[in-house]
**Q** 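Have a look at this one before I ask anything.
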2 protein chains.
Amino acid sequence: MAKTWRPEADTDPVEACPIGPVVDMVFSRWTTPILWALHECGTQRFVELQRRLGGITPKVLTQRLRQLERDGLVARTYHAEVPPRVEYEITDLGRSLGSVFAALGEWSAAHMSEVEKAREAYTGPLPR
Amino acid sequence: MAKTWRPEADTDPVEACPIGPVVDMVFSRWTTPILWALHECGTQRFVELQRRLGGITPKVLTQRLRQLERDGLVARTYHAEVPPRVEYEITDLGRSLGSVFAALGEWSAAHMSEVEKAREAYTGPLPR
DNA sequence: CAGTATCCGTCTCGATACTG
DNA sequence: CAGTATCGAGACGGATACTG
């Protein structure tokens, strides 16, 4: 018995959208900027990341970093010194997303102005 | 004066992650499956979409469709008949995201198994 | 059919304070 | 420095009922 009733889907969700899982992993809130920063600027410490990302709170930054670490996209290295030092770097697996980011960057450069124009031209009601 | 205080960023947010805006637009909740369905299965009516997406509620589907329409990625056509008929189709601008989706699909096919292995291998604590 | 209008629970995020 | 603990606010989604 289902937990709650939902209108039956005609197709399996992941069949219907095969890129769902990877989207959830890579494009959740904050994960893209984190991966970008690590990719572009190399290995960084916790606070460096926090500053570069512009005001993400430590709690959320920790959450996202743990998740990325679990997924194998980011590596964490702890140095037992005083003061303690922790470094985060992107893994080869994470770096392999570069082509995806590049495709996104190219699309953005080529088409984002059209989006702007569409937004200005749009007059209909926006619910929310 | 700032609304709330945040630790100063060392760099401008969009400078820091140029693909932020396009990510917000394309990979928000439900938008990717909607675009995928319209891209793969062509023009569809409201209820067809709802069924194919597997139980999204009309409220949320409307919200997302309006947003996509405003951004110029989806076109809405109203036919004043009885019963009324509304059709949604992806625009050329929306279709141009195909290369991005393709890149994601390829990455997923090539690397998602590595992610699975990383997840299984991960023992550390996951906050949440 | 194609939505809109409400109400409400959940879950995430953010702000703030505190610790090893 | 590198986090953890706690609390509150708000977005988001689900259920249900109603309209043109």
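Chain A is the first sequence line, chain B the second, and so forth, proteins listed ahead of strands; every chain is numbered from 1. Being a predicted model, the structure only gives us computed values, none of them experimental.
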**Q** Consider the side chain of B:R66, meaning its heavy atoms from C-beta on, and name the nucleotide among C:dT4, D:dG13, D:dA2 that approaches it most closely.
**A** C:dT4
**Q** How long is the line joining CZ of A:R29 and C1' of C:dC11, in whole Å?
**A** 14 Å
**Q** Rounded off to whole Å, could you give me the CZ-to-C1' distance for the B:F46 and D:dG20 pair?
**A**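 Those two atoms, CZ and C1', are 15 Å apart.
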**Q** Given D:dA2, is OP1 or OP2 found less than 4.0 Å from the side-chain N or O atoms of A:R85?
**A** no
**Q** Anything below 3.5 Å on both distances counts as a pair; with that, list the stems of at least three consecutive Watson-Crick or G-U pairs involving DNA chain C.
**A**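 Counting only runs of 3 or more consecutive pairs, the stems involving DNA chain C are C:1-20 with D:1-20.
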**Q** Please name the pair of heavy atoms, one in A:R45 and one in A:P84, separated by the smallest distance, quoted to 0.1 Å.
**A** NH2-O, 3.6 Å
**Q** How long is the line joining CD1 of A:I56 and C1' of C:dT16, in whole Å?
**A** 16 Å
**Q** What is the distance, to the nearest angstrom, from the CD atom on B:Q50 to the C1' atom on C:dC1?
**A** 11 Å
**Q** Taking CD from A:Q44 and C1' from D:dC1, how many angstroms apart are they, rounded to a whole number?
**A**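 Interatomic distance, CD of A:Q44 to C1' of D:dC1: 15 Å.
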**Q** Whether the side chain of B:K59 and the base of C:dG3 hold a donor-acceptor pair under 3.5 Å is what I'd like checked.
**A** no
**Q** Of the nucleotides C:dC1, C:dA2, D:dG3, which one has an atom closest to the side chain of A:V86?
**A**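 Of C:dC1, C:dA2, D:dG3, D:dG3 is nearest to the side chain of A:V86.
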**Q** Nearest of D:dA2, C:dG3, C:dC1 to any side-chain atom of B:Y88?
**A** C:dG3
**Q** Select from A:V60 and B:P84 the residue whose nearest nucleotide in DNA chain C is closer to the 5' end of that strand.
**A** B:P84
**Q** Less than 4.0 Å between a side-chain N and a carboxylate O, is that true for A:E120 and A:K117?
**A** no
**Q** Considering residues at least two apart in sequence or located in another chain, which fulfil the ring pair (Phe, Tyr, Trp, His ring centres under 6.0 Å) criterion with A:F27?
**A** B:F27
**Q** Looking at B:R76, does any N or O in its side chain come under 4.0 Å of the phosphate oxygens OP1/OP2 on C:dG3?
**A**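 Yes, within the criterion.
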**Q** If you check the A:T57 side chain, which of C:dT16, C:dC13, D:dG13 turns out closest?
**A**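 Nucleotide nearest to A:T57's side chain: C:dT16.
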**Q** Output the rounded distance in Å from NE2 (A:H79) to P (D:dA2).
**A** 10 Å
**Q** Please list, chain by chain and in numerical order, all residues satisfying side chain to side chain donor-acceptor pair (under 3.5 Å) with B:E114, sequence neighbours excluded.
**A**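 Here the qualifying residues are B:H111.
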**Q** In whole angstrom, give the distance that lies between atom CD of A:E48 and atom P of D:dG3.
**A**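 Result: 13 Å.
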**Q** Any side-chain N or O of A:Q63 under 4.0 Å from OP1/OP2 of C:dC13?
**A**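 Result: yes.
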**Q** Using a 3.5 Å distance criterion without hydrogens, assess whether the side chain of B:Q44 forms a donor-acceptor pair with backbone atoms of B:R52.
**A** no
**Q** Tell me the interatomic distance from A:D24, atom CG, to C:dT12, atom P, rounded to whole angstroms.
**A** 12 Å
**Q** Tell me, please, which residues at least two apart from B:W30 pass ring pair (Phe, Tyr, Trp, His ring centres under 6.0 Å).
**A** none
**Q** From C-beta outward on A:V47, which listed nucleotide comes closest to its side chain: D:dG13, C:dT16, D:dA2?
**A**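 In terms of side-chain proximity for A:V47, the closest of D:dG13, C:dT16, D:dA2 is D:dA2.
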**Q** So which pairs with a foot in residues 87-97 of chain A pass salt bridge (Lys or Arg N to Asp or Glu O under 4.0 Å), sequence neighbours left out?
**A**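 As it turns out, the salt bridge (Lys or Arg N to Asp or Glu O under 4.0 Å) pairs with a partner in residues 87-97 of chain A, which skip direct neighbours, are A:R85-A:E87, A:D92-A:R95.
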**Q** Within the structure, does a side-chain N or O atom of A:R64 lie under 4.0 Å from either OP1 or OP2 of C:dC13?
**A** yes
**Q** Side chain of A:P58 only, please: which of D:dG13, D:dT4, D:dC1 is the nearest?
**A**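 Per side-chain heavy atoms of A:P58, the pick is D:dT4.
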**Q** I need the full list of side chain to side chain donor-acceptor pair (under 3.5 Å) pairs touching residues 99-109 of chain A, with sequence neighbours left out, sorted by first then second residue.
**A** A:W107-B:S96
**Q** Tell me which nucleotide among C:dA15, C:dG3, D:dT4 gets nearest to the side chain of A:T62.
**A**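 Selected nucleotide: D:dT4.
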